[in-house]
Student: 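Here it is, the structure, as structure tokens.
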Amino acid sequence: MKLAALCATCLLAGAALADDGRYQDYPVGSRATALGGAFVALSDDPSGLFYNPAGICDSRRLNVSVSASLYGVEKQSQGRIQLNTGSFSVASLNVIPGEAGLIKGFGPLDDRGTPLAFGFDLSVPSFRSYGTDATGAEGTSTRAQHSRVNDRTFVFAAGGGYRIDSRWNVGVALHYQLRLFDQTEDQLLSGAGADPAVGVYHAAASFETGNLVALLGVKYRPDGRWLFGASLGLPGFQLHSAGKVNVQDVASDPAQPPGSRTTVTVINEADSIKSQTNAPLMARVGVARVEPHRWTLSGQITAHAGTSYDRFSVAPAIAQRLRIQDHVDRRPVVNLNAGGEYLLNADYSIALGLFTDRSGAQPLQADASGLITPGTSHLTNVDLYGGTATFGVLGQHSISRLGMSISYGTGEDAALVDGASLTSAAYQRVSVRQLFLYFFLASTFRY
């Protein structure tokens with residue numbers, strides 16, 4: 001029906017907000033976050049299993065780390081969308097899990113750590129939760145729309161590090177990467193007059209994917225001050241996937257003949273939809289300069305290879321109705337991280353970090369008028385640039401850090417053409433802005 005076609009088109013626009021182009025929304029880990037994610041040359045706490053497992057043996061016998069984003073504000077504005085009194089969608093005061101892990105050293109303990117260590121770590125490098133509520137006129141009709149998207153990635157890592165000699169460490173970790181995505185879309189379309197035509201639409205789509213990724217690491221320490229690290233993430237192997245799609249719409253038109261005034265359509269595909277979120281080849285290289293008991297400077301380059309996959313595979317009849325973008329092409333991406341930490345005294349420290357979160361989404365293809373070429377990418381293409389600021393409290397067996405992470409970027413998105421008819425699936429290229437702000441608390445315990 002016309003109403004279903006319009007609402008399905010809106011569902012596509014919302015689905016595009018899920019960042020299939022980016023790999024990590026913000027740094028994870030206690031000290032790693034303080035340094036803006038530049039941690040591959042250090043990696044001496046449980047989050048080292050995420051960055052570089054070769055560094056985890058440069059720690060004490062038992063190291064426990066816990067961090068979480070206490071509150072988060074996520075805001076996005078899009079050039080043509082008017083939502084209530086502003087042009088943005090916002091989800092605020094989100095309690096977001098961060099990272100938790102443990103590493104245990106084995107062998108003789110010295111001022112650097114132990115020759116062998118094992119551990120595990122759970123991190124959440126990507127977590128998005130947002131929605132829209134909008135009302136407006138569409139010709140002679142009134143439209144009310146509500147949507148909600150949750151897109152989360154969890155990484156469970158387990159591995160070990162080994163000190164070959166006084167200069168070289170090696171390590172390996174296995175990452176289980178779980179992505180959970182779900183979206184709902186509700187819409188009411190009402191005509192004018194005392195007895196108007198009315199349409200009600202509801203759609204829900206969700207999927208989950210699980211991948212296994214091997215991470216290899218090496219760390220080189222020529223002296224007590226300079227540190228070099230590198231890690232290589234091999235292409236992931238998909239372990240499982242599942243998905244669901246449900247569409248329900250009811251349309252009532254009193255102008256039609258009796259017996260055909262109300263139509264009901266239900267499409268339901270439960271637990272039979274396969275999905276993908278490929279993890280391509282990844283490499284990190286970094287360097288750190290440490291002045292013991294005074295300050296640390298660290299820098300890092302991370303490169304992700306390009307990849308392509310079908311993130312949501314549905315039958316052709318359903319795909320035509322939902323018009324969800326199925327195929328994703330990611331370009332290669334290079335991100336930079338840098339940070340520094342300074343000890344004010346034996347009890348307190350301050351740290352600043354910088355990071356990029358560039359998008360690998362394909363550029364939107366449009367004609368001279370701005371209309372998106374049919375069949376091309378509709379994914380949001382926004383490069384984020386961010387920073388962290390952290391205050392640390394140092395104890396004999398623990399370090400607690402309180403800080404914030406902020407990132408902002410501009411780019412392009414696809415939106416339904418203004419004034420389009422109910423059956424139109426035409427899109428136009430619009431500018432989009434994104435802002436993400438999180439406050440975090442992290443604690444590391446060493447015994």
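Along the sequence shown, residues are numbered consecutively beginning with 1. Basis for what follows: all heavy atoms, side chains included, without hydrogens, waters or symmetry-related copies.
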Student: Cation-pi between R284 and F50: NZ/CZ under 6.0 Å from ring centre and within 45° of the ring axis?
Tutor: yes
Student: What salt bridge (charged side-chain N to carboxylate O under 4.0 Å, His left out) pairs are there with at least one residue in residues 294-310, not counting sequence neighbours?
Tutor: none
Student: Show me the side-chain donor-acceptor pairs of residues 204-215 shorter than 3.5 Å, one per line, residues at least two apart or across chains.
Tutor:
unit_1 : atom_1 : unit_2 : atom_2 : d
T209   : OG1    : T277   : OG1    : 3.4
N211   : ND2    : T277   : O      : 2.8

Student: Does D347 have any side-chain hydrogen bond (donor to acceptor under 3.5 Å, both in side chains) partners at least two apart in sequence or in another chain, and if so, which?
Tutor: none
Student: Which residues satisfy the side-chain hydrogen bond (donor to acceptor under 3.5 Å, both in side chains) test with Y220, sequence neighbours excluded?
Tutor: R167
Student: State, yes or no, whether a side-chain contact exists between R31 and T444 at a heavy-atom distance under 4.5 Å.
Tutor: no
Student: Which residues satisfy the side-chain hydrogen bond (donor to acceptor under 3.5 Å, both in side chains) test with Q365, sequence neighbours excluded?
Tutor: none
Student: Can you name the residues that form a salt bridge (charged side-chain N to carboxylate O under 4.0 Å, His left out) with R289, not counting sequence neighbours?
Tutor: E291
Student: Specify whether F154 and F127 have parallel, tilted or perpendicular ring planes, treating 30° as the upper limit for parallel and 60° as the lower limit for perpendicular.
Tutor: perpendicular
Student: Would you say the side-chain atoms of S298 pair up with the backbone N or O of A38, donor to acceptor, closer than 3.5 Å?
Tutor: yes
Student: Checking D45 now: which residues fulfil side-chain hydrogen bond (donor to acceptor under 3.5 Å, both in side chains) with it, not counting sequence neighbours?
Tutor: S47
Student: Applying side chain to side chain donor-acceptor pair (under 3.5 Å), which residue pairs with at least one partner in residues 111-123 are found, sequence neighbours left out?
Tutor: D58-R112, R112-N169
Student: Using distance only, find each side-chain donor-acceptor pair of residues 385-396 under 3.5 Å and give its atom names and separation, not counting sequence neighbours.
Tutor:
unit_1 : atom_1 : unit_2 : atom_2 : d
T388   : OG1    : T33    : O      : 2.9
T388   : OG1    : G353   : N      : 3.4

Student: Quick check: does any side chain N or O of Y23 sit under 3.5 Å from a backbone N or O of A303, one acting as donor and the other as acceptor?
Tutor: no
Student: Listed by chain and number, what are the side chain to side chain contact (heavy atoms under 4.5 Å, CB included) partners of V287, not counting sequence neighbours?
Tutor: W226, F228
Student: Quick test of your reading: applying salt bridge (charged side-chain N to carboxylate O under 4.0 Å, His left out), list the pairs with at least one residue in residues 153-165, sequence neighbours left out, ordered by first then second residue.
Tutor: D110-R163
Student: Once side chain to side chain contact (heavy atoms under 4.5 Å, CB included) is applied, do any residues pair with A366, and if so which ones, sequence neighbours excluded?
Tutor: I372, R429
